[in-house]
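Naming convention: chains lettered A, B, ... in sequence-line order (proteins, then strands); numbering from 1 in each chain. Keep in mind it's a predicted model, so treat the numbers as computed, not measured.
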There are 2 protein chains.
Amino acid sequence: MAGRGETRERVLRTAAELFQRQGYHGTGLTQVLAESRAPKGSLYFHFPDGKEQLAAESVALSGRELAQALRAAAGEASDGRAGIVALGEYFARALEESDFSKGCPVATVALETSAASEPIRTACEGAYGDWLDGITEALRGWGVPDSRDVGELVLSSLQGAVMLARVRRDAGVIRTVTARLAELVPRA
Amino acid sequence: MAGRGETRERVLRTAAELFQRQGYHGTGLTQVLAESRAPKGSLYFHFPDGKEQLAAESVALSGRELAQALRAAAGEASDGRAGIVALGEYFARALEESDFSKGCPVATVALETSAASEPIRTACEGAYGDWLDGITEALRGWGVPDSRDVGELVLSSLQGAVMLARVRRDAGVIRTVTARLAELVPRA
DNA sequence: AAGTAGGTGGACCGGTCGGTCTAATCTGCT
DNA sequence: AGCAGATTAGACCGACCGGTCCACCTACTT
């Protein structure tokens with residue numbers, strides 16, 4: 001038998017990646033199970049509420065991990081301008097390296113389900129809240145006034161640009177947008 | 001028999017609305033047919049390539065109509081600041097009036113399918129292209145330099161903000177974001 | 001060694017999916 | 001009137017959907 005909770009973790013990570021690439025309704029449980037080499041019984045043992053719970057936890061997991069990556073990217077930057085560009089570069093690279101299939105790990109599921117499933121909607125809202133907190137914090141550190149409002153602008157622009165980039169199969173928008181955004185922030 | 005092409009039109013409009021609310025995979029043909037009171041035979045007569053064609057045409061239709069609405073909203077504005085705010089207000093109201101179920105008519109389908117269906121992806125890209133052209137044109141009219149790049153920023157921010165608003169069930173972000181965006185534009 | 005949770009393997013279920021097909025029906029033309 | 005093409009009507013198809021169920025195996029307890 002595999003280690004404690006090992007199967008649960010494997011299923012969850014597989015699900016998170018598939019949801020990110022194909023969305024909620026586009027991802028079948030059969031596919032999740034096949035790719036994580038787990039039987040159906042295990043799924044419903046670890047996630048009694050089925051697909052909905054799996055999606056909510058996937059979104060929460062992706063949200064936590066991305067928030068961490070964002071904080072790291074922002075932390076390394078010498079000033080605000082470099083920081084914002086680094087944020088964009090993170091998404092741009094992820095997109096390019098995955099042949100434009102790995103965009104925002106939350107957006108697709110969020111749009112599909114936020115009107116239909118309250119648990120998933122709440123998980124998505126939480127993820128975005130974490131990111132906004134991280135960005136706001138970084139902006140404040142860089143001396144940006146009204147950092148919360150500017151944070152909303154940065155988060156929105158980034159989300160929109162990542163979506164546009166996926167549709168166009170060209171990450172150029174992300175770089176254009178972050179370059180413009182960077183001008184809102186004082187130099188070091 | 002109904003007028004020429006009347007059934008086709010009815011099916012297409014119903015599909016466009018359902019795709020906007022529920023996404024591609026979340027919308028069944030059965031539902032489209034039931035709500036547009038059309039039999040399956042008609043669907044495959046008017047749309048021989050099935051669901052994929054229906055989605056591509058729905059996106060194109062929504063794109064055309066929204067581009068028109070955007071141009072109208074921008075045209076009425078006295079200056080750039082008012083224009084950008086009006087753009088945001090258009091989406092904010094649509095969201096609020098539909099209990100946050102009618103967001104961007106393209107985004108959900110775009111994210112779900114752009115990696116899997118080239119015809120749909122192309123249709124989405126076209127819709128976004130039209131909007132960008134409209135916004136860029138308006139910005140140029142308002143005397144904004146580098147209007148194309150700023151247009152990309154405006155489009156991205158708006159898209160991201162509309163998505164966030166749906167998830168939060170609160171259109172506040174849209175207004176916050178457009179207020180910030182408006183500052184990028186010279187006063188009348 | 002026997003008992004018992006914790007976890008796995010997978011057959012099975014009703015329902016719905018997108019799609020096909022053929023018969024019936026309408027409309028305009030001659 | 002009667003033909004021809006356009007359109008509708010919906011039964012039907014195999015595949016797959018998410019979900020349930022239970023027999024089974026394994027590791028730890030006593």
Of P48(A) and Q31(A), whose closest DNA chain D nucleotide lies nearer the 5' terminus?
Q31(A)
What is the separation between atom CZ on F45(A) and atom P on dG19(D), rounded to the nearest whole Å?
18 Å
How many Å lie between NE2 on H25(B) and P on dC16(D), as a whole number?
15 Å
R8(A) has an atom CZ; how far is it from atom P of dG6(C), in whole Å?
15 Å
Rounded distance in Å - CD (Q22(B)) to P (dC17(C)):
10 Å
What is the separation between atom CG on D49(A) and atom P on dG19(D), rounded to the nearest whole Å?
9 Å
Side chain of L29(A) only, please: which of dT20(C), dG19(D), dG7(C) is the nearest?
dG19(D)
Does the S42(A) side chain pair with the main chain of A38(A), one donor and one acceptor, at a distance under 3.5 Å?
no
Does the side chain of T7(B) get closer than 4.0 angstrom to OP1 or OP2 of dT7(D) through an N or O atom?
no
In terms of side-chain heavy atoms, does S117(B) have a donor or acceptor partner in E52(B) at a distance below 3.5 Å?
yes
Here the distance between atom P of dT20(D) and atom OH of Y44(A), to the nearest Å, is 6 Å
E35(B) versus T14(B), side-chain donor and acceptor atoms under 3.5 Å
no
Classify G50(B) by what it touches in the nucleic acid, base, sugar-phosphate, or nothing, heavy-atom distance under 4.0 Å.
sugar-phosphate
Any chance you could measure Y128(A), atom OH, to Q159(A), atom CD, to the nearest 0.5 Å?
4.0 Å
Using the salt bridge (charged side-chain N to carboxylate O under 4.0 Å, His left out) rule, take R10(B) and E6(B) through it: C-alpha gap first, then chi angles, then the decisive distance, then the call.
CA-CA 6 Å; R10(B) 206 175 59 242; E6(B) 203 246 291; 3.1 Å; yes
Rounded to the nearest angstrom, tell me the gap between atom CD in Q53(A) and atom C1' in dG19(D).
14 Å
Report which part of the nucleic acid G41(A) touches: base, sugar-phosphate, or nothing (heavy-atom distance under 4.0 Å, all strands).
base
Under 3.5 Å donor-acceptor pair, K40(B) side-chain atoms to dG18(C) base atoms:
yes
Figure out the OH/C1' separation between Y24(A) and dC17(D), and round it to whole Å.
12 Å
When you measure from the side-chain N and O atoms of S42(B) to the phosphate of dA9(D), is any distance below 4.0 Å, counting only OP1 and OP2?
no
Would you say H46(B) places a side-chain N or O within less than 4.0 Å of OP1 or OP2 belonging to dA6(D)?
no
